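Source: prediction; values computed, not measured.
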Protein chains: 2
Amino acid sequence: MTSNTPRTGRRRHALSKERILQAAIAILDEEVADTESTGLTLRALMARLSTGSGAIYHYVANMDELRAAAADEVLRLSFADVPSDADTMARLRIVAAEIFDSLDAHSWVGAQLTRGAFQPGALRIWKVIGTELHHFGLTGAALTDAGSALANFIFGSAAQHTLTSRQHANGTDRAARLESVANQWRSFDRDPIVADIADRLSEHDDRGQFLAGVDIILRGIAG
Amino acid sequence: MTSNTPRTGRRRHALSKERILQAAIAILDEEVADTESTGLTLRALMARLSTGSGAIYHYVANMDELRAAAADEVLRLSFADVPSDADTMARLRIVAAEIFDSLDAHSWVGAQLTRGAFQPGALRIWKVIGTELHHFGLTGAALTDAGSALANFIFGSAAQHTLTSRQHANGTDRAARLESVANQWRSFDRDPIVADIADRLSEHDDRGQFLAGVDIILRGIAG
DNA sequence: ACCTGAACACCGTTCAAGT
DNA sequence: ACCTGAACACCGTTCAAGT
């Protein structure tokens with residue numbers, strides 16, 4: 001950012017928390033292989049930054065905190081421009097769509113949000129929802145009940161969506177992956193209702209289903 | 001089950017998938033310490049069953065599959081008695097409450113349901129919800145939209161609830177843990193809306209909030 | 001202060017060998 | 001068929017040592 005480190009022509013890229021965070025995001029974005037990827041690994045981070053473990057631990061408390069920070073960073077960038085003129089419900093719909101697109105572009109974020117311990121990304125989502133619902137006029141238990149309905153739906157959708165996210169392997173495409181999940185369901189349980197759900201799963205549009213869910217909940221809140 | 005292995009008076013407890021599953025559940029139920037527990041470990045399983053790794057791998061494909069099966073088993077037992085006379089919405093409320101109580105009694109299940117790969121427990125929940133919504137008269141996209149709203153809300157709530165579940169450490173009680181989470185939120189973000197949510201978090205009743213969320217979604221579906 | 005890298009205490013999984 | 005347990009290829013984290 002600032003114009004120091006003018007020494008070496010090809011500067012040594014001094015380490016920083018910010019640089020580590022960006023490297024972590026880059027690795028996680030690339031890591032999405034057809035196989036169940038290992039995710040972000042300290043050793044992968046060391047290789048990319050060509051440094052040792054001690055250097056990284058000088059800036060980061062531990063790997064879990066780094067993973068949580070990476071997910072939060074992706075979400076932070078996703079709340080770009082919510083028009084202030086729209087009404088609350090319309091704004092919540094826009095925010096939800098932004099979150100979905102962000103999760104879809106970075107398939108690992110959904111899984112990260114429901115990992116143990118404190119997740120700043122989850123708090124970020126809670127905050128934007130809570131703010132809008134407050135503007136809508138809700139307070140107290142009505143606000144937290146409505147907020148938890150919407151936030152937990154988003155967390156659950158996010159975690160599920162990690163399995164079928166767009167940005168996955170180069171080899172297998174989304175349709176093939178959806179069909180494979182559907183087949184798993186069908187072979188695991190022969191019940192016709194499961195077959196029905198599996199049929200729709202393999203043909204269906206995740207984004208549309210997510211937004212339909214948001215609308216159901218907003219209707220339940222307003223109604 | 002059958003009356004064989006009559007040889008040794010103190011029978012050697014022949015290994016089986018069922019016995020491994022029960023041991024895994026027992027370990028996970030006990031593992032809930034104040035510290036972020038490691039969860040189920042192959043070596044812990046070996047110690048409890050006093051056997052080697054090869055013996056376990058003879059019955060189980062891998063640890064992830066075992067963890068998924070353990071969560072599914074807990075959920076299977078939770079759908080005890082749903083009265084057939086009640087109407088669909090009432091039955092869905094009862095089913096949701098049963099799921100919550102199950103998650104609350106086994107704090108690890110919530111986190112497990114949103115882990116990678118195929119989760120039979122998630123399919124089980126989808127199935128019971130889908131069946132009820134089908135009885136209600138929904139089909140096609142209306143059914144999957146409503147089902148995903150309810151199912152994903154449950155998955156998200158489950159994952160969040162793992163952090164504050166009743167059956168946790170012996171030392172720290174639920175109230176203290178909730179207060180600590182609330183403090184983490186407050187110190188992470190000074191925004192008054194966050195403080196508001198944190199206040200209610202530390203005093204509030206998870207079960208009531210969960211059921212309120214279910215009611216909001218059911219209202220959105222019916223409305 | 002910042003960085004290196006060996007060492008440690010763990011993981012899950014495999015597999016030759018026993019019965 | 002069922003089980004044993006050493007060996008392997010990984011993890012995240014710590015820390016004495018360098019600059």
Side-chain angles (χ1 to χ4, degrees), chain A residues 1-2 4-8 10-24 27-28 31 33 35-71 108 111-112 115-118, chain B residues 1-2 4-8 10-24 27-28 31 33 35-71 108 111-112 115-118:
Chain A
M1 300 307 191
T2 64
N4 48 2
T5 60
R7 210 81 58 73
T8 54
R10 195 164 291 272
R11 73 208 145 111
R12 282 284 291 144
H13 261 330
L15 217 45
S16 68
K17 179 151 191 177
E18 176 61 23
R19 245 173 67 71
I20 294 172
L21 188 61
Q22 293 305 327
I27 292 172
L28 284 162
E31 255 285 349
T35 105
E36 281 298 313
S37 77
T38 335
L40 176 64
T41 237
L42 172 64
R43 274 150 179 95
L45 204 53
M46 286 162 57
R48 178 175 271 258
L49 295 168
S50 48
T51 186
S53 56
I56 289 168
Y57 275 88
H58 191 261
Y59 296 96
V60 167
N62 55 61
M63 290 300 288
D64 280 344
E65 191 234 48
L66 179 60
R67 277 184 267 260
W108 48 276
Q112 181 58 43
R115 286 266 159 77
F118 173 59
Chain B
M1 299 307 192
T2 63
N4 49 0
T5 60
R7 212 80 59 75
T8 55
R10 193 164 293 271
R11 73 211 146 110
R12 282 285 289 144
H13 261 330
L15 217 46
S16 68
K17 181 151 190 177
E18 177 61 24
R19 242 172 70 71
I20 294 172
L21 189 61
Q22 293 307 326
I27 291 171
L28 285 161
E31 256 285 348
T35 107
E36 281 298 312
S37 77
T38 335
L40 177 64
T41 236
L42 172 63
R43 275 152 178 93
L45 205 53
M46 284 162 58
R48 177 176 272 258
L49 294 168
S50 47
T51 186
S53 56
I56 289 169
Y57 275 88
H58 192 262
Y59 296 96
V60 168
N62 55 61
M63 290 300 288
D64 281 343
E65 191 233 46
L66 179 60
R67 278 185 266 260
W108 48 276
Q112 181 59 43
R115 287 266 160 76
F118 173 59

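Put simply, the side chain of Trp108(A) does not reach to within 4.5 Å of the side chain of Ile27(A), judged on heavy atoms.
Although no hydrogens or angles enter the test, the distance criterion places no donor-acceptor pair under 3.5 Å between the side chain of Arg115(B) and the main chain of Ala68(B). Side-chain atoms of Thr41(B) do not come within 3.5 Å of backbone N or O of Ala44(B) as any donor-acceptor pair. Not a single donor-acceptor pair under 3.5 Å links the side chain of Tyr59(A) to the backbone N or O of Ile20(A). A donor-acceptor contact shorter than 3.5 Å is absent between the side chain of Arg67(A) and the backbone of Gln112(A).
A straight line from CG of Leu49(B) to P of dG5(D) spans 14 Å, rounded to a whole angstrom. Atom-to-atom, CG of Leu45(A) to C1' of dC11(D) comes out at 14 Å; the value is rounded to the nearest Å.
Taking CG of Leu49(B) as the reference point, atom CD1 of Ile56(B) lies at 5.5 Å (rounded to 0.5 Å). To the nearest 0.5 Å, atoms NE2 (His58(B)) and CG (Leu15(B)) are separated by 10.0 Å.
For DNA chain C, the stems formed by at least three consecutive Watson-Crick or G-U pairs, with both atom-pair distances below 3.5 Å, span C:4-8 with D:12-16, C:12-16 with D:4-8.
Distances were taken from every side-chain heavy atom of Leu15(B) (C-beta onward) to each of dC2(C), dT4(D), dC3(D); the shortest belongs to dC3(D).
Every residue two or more places apart in sequence or in another chain that forms a salt bridge (Lys or Arg N to Asp or Glu O under 4.0 Å) with Arg48(B) is listed here: Glu30(B).
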Per-nucleotide protein contact string for nucleotides 12-19 of chain C, where B marks a base within reach and S marks sugar-phosphate only (heavy atoms under 4.0 Å, - for neither): BBBB----

